[in-house]
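What's counted below: heavy atoms across the whole structure, side chains too, no hydrogens, waters or symmetry copies.
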Amino acid sequence: FFSSRRRHTRLVSDWSSDVCSSDLDDFEYVINAQHYSFENNTLKNVKIFKFSQENKFLERIDVQNVKMLDKKLWELTKGTKLEINKPPKLFDVENIAINLDAEKIEKNFRPPETVGFWRLNDYIRNLESSGFAIKKHIIYKNYLFSFPLILISMVLLGCSLSIKRERIKKNVLKILYGLIVGMLFHFSSDLVKTFGQSSDLNIFLSVWAAPLIFNFLLLSSLIHLEDG
């Protein structure tokens, strides 16, 4: 994603819990921002922690506003520098060279639904190599792979409801039952998928559990109705 020189920058913020990496000279930065605006290329209430390549802490910068001037330069406004064994240093405006801009940040925080299916694997690999959390994207990829099971569930549901001929009134009830079961299935699968994206729930349980359970239930119901 980012050009490769020797410095490493990470971005961690309240608008996302992910980690973003980019390369620049001899330092490593960990950056936390309370607010991010893509339109204005700005960050607000920013904390920047500077480390050496040996992970030794060098300084901390607390700044109210950051303006991304271009792809390699940030302008810090109204901030404080804190270095080890030195008094705090106030400044009004200061520039810092960081190879990270708003376009790169926006590109790497795209939701998985906006990525094409055939590009998803490459996108996940790029995110992982850049230090981002990839669980949402992996769950979404497995969700796409589970579509055939969802289709089978709907087919089994239709077969279970139409295997016997009934009067018109009962057919209307069966249609209503089918709608209710279908809504319950999609609601439960989306709910479990959301839990998986926001917690430590296993990927298999997050995506595959709901369609598999519904398939087994519908298949057993179909066999039961067929037998008698």
Side-chain angles (χ1 to χ4, degrees), residues 1-112 114-115 122-140 196-201 203:
F1 280 150
F2 307 126
S3 62
S4 54
R5 279 192 247 158
R6 273 199 195 108
R7 193 196 285 168
H8 198 59
T9 303
R10 294 182 190 156
L11 183 68
V12 186
S13 70
D14 289 347
W15 38 268
S16 176
S17 59
D18 295 324
V19 176
C20 169
S21 306
S22 84
D23 288 39
L24 277 168
D25 278 58
D26 301 316
F27 310 112
E28 187 170 277
Y29 292 98
V30 176
I31 303 169
N32 176 279
Q34 295 291 325
H35 176 75
Y36 159 66
S37 172
F38 176 70
E39 293 80 9
N40 300 321
N41 291 349
T42 57
L43 301 171
K44 292 185 181 296
N45 298 324
V46 183
K47 297 180 179 66
I48 302 174
F49 300 89
K50 184 178 178 181
F51 296 86
S52 68
Q53 289 289 347
E54 294 75 30
N55 289 326
K56 181 180 178 182
F57 175 75
L58 299 177
E59 68 177 6
R60 167 177 167 169
I61 304 173
D62 291 2
V63 61
Q64 293 183 13
N65 297 288
V66 171
K67 175 72 174 178
M68 302 176 192
L69 300 177
D70 54 38
K71 294 183 179 181
K72 299 179 182 178
L73 191 65
W74 287 10
E75 181 183 79
L76 313 182
T77 306
K78 295 182 180 179
T80 306
K81 272 189 174 183
L82 299 170
E83 298 183 52
I84 297 176
N85 299 325
K86 291 184 180 181
K89 178 183 176 182
L90 302 177
F91 63 88
D92 291 324
V93 179
E94 186 167 321
N95 292 336
I96 183 172
I98 293 182
N99 191 14
L100 186 65
D101 63 355
E103 185 178 349
K104 290 176 181 176
I105 294 172
E106 189 71 14
K107 179 181 178 182
N108 289 293
F109 283 99
R110 290 172 61 187
T114 63
V115 183
D122 291 336
Y123 191 77
I124 290 173
R125 280 195 293 268
N126 287 332
L127 286 180
E128 188 174 20
S129 64
S130 298
F132 282 91
I134 58 173
K135 187 174 183 181
K136 288 182 180 179
H137 296 77
I138 293 178
I139 287 177
Y140 179 69
Q197 291 176 340
S198 58
S199 66
D200 294 329
L201 189 63
I203 292 176

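Rounding to the nearest 0.5 angstrom, the gap separating the CD atom in Glu94 from the OG1 atom in Thr77 is 10.5 Å. Annotation: the span from Trp74 atom CH2 to Asn95 atom CG amounts to 12.5 Å, rounded to 0.5 Å. Atom CD1 of Ile124 and atom CD1 of Ile134 lie 6.5 Å apart (nearest 0.5 Å). With rounding to the nearest 0.5 angstrom, the CD atom of Gln64 is 8.5 Å from the OG1 atom of Thr80. One distance of note links CD1 of Ile48 with CG of Leu76; it measures 5.0 Å at 0.5 Å rounding. Atoms CD1 and CD, on Ile84 and Glu59 in that order, are 10.0 Å from each other to the nearest 0.5 Å.
Between the Lys50 side chain and the Glu83 main chain, no donor and acceptor come within less than 3.5 Å of each other.
Looking only at side-chain heavy atoms (C-beta outward), Lys67 and Leu69 come within less than 4.5 Å of each other.
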Margin query: Pair Asn65, Thr42 - check side chain to side chain contact (heavy atoms under 4.5 Å, CB included), show working.
Written below: CA-CA 7 Å; Asn65 297 288; Thr42 57; over 6 Å; no
Next item on the list: Using the side chain to side chain contact (heavy atoms under 4.5 Å, CB included) rule, take Tyr140 and Val115 through it: C-alpha gap first, then chi angles, then the decisive distance, then the call.
Entry: CA-CA 10 Å; Tyr140 179 69; Val115 183; over 6 Å; no
Checklist line | Worked check of side chain to side chain contact (heavy atoms under 4.5 Å, CB included) between Leu43 and Met68 | finding: CA-CA 8 Å; Leu43 301 171; Met68 302 176 192; 3.7 Å; yes
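For the residue pair Lys136 and Pro112, the shortest heavy atom distance occurs at O-CG, 4.1 Å.
Relative orientation of the Phe49 and Phe57 rings is tilted, given thresholds of 30° and 60° on the angle between their planes.
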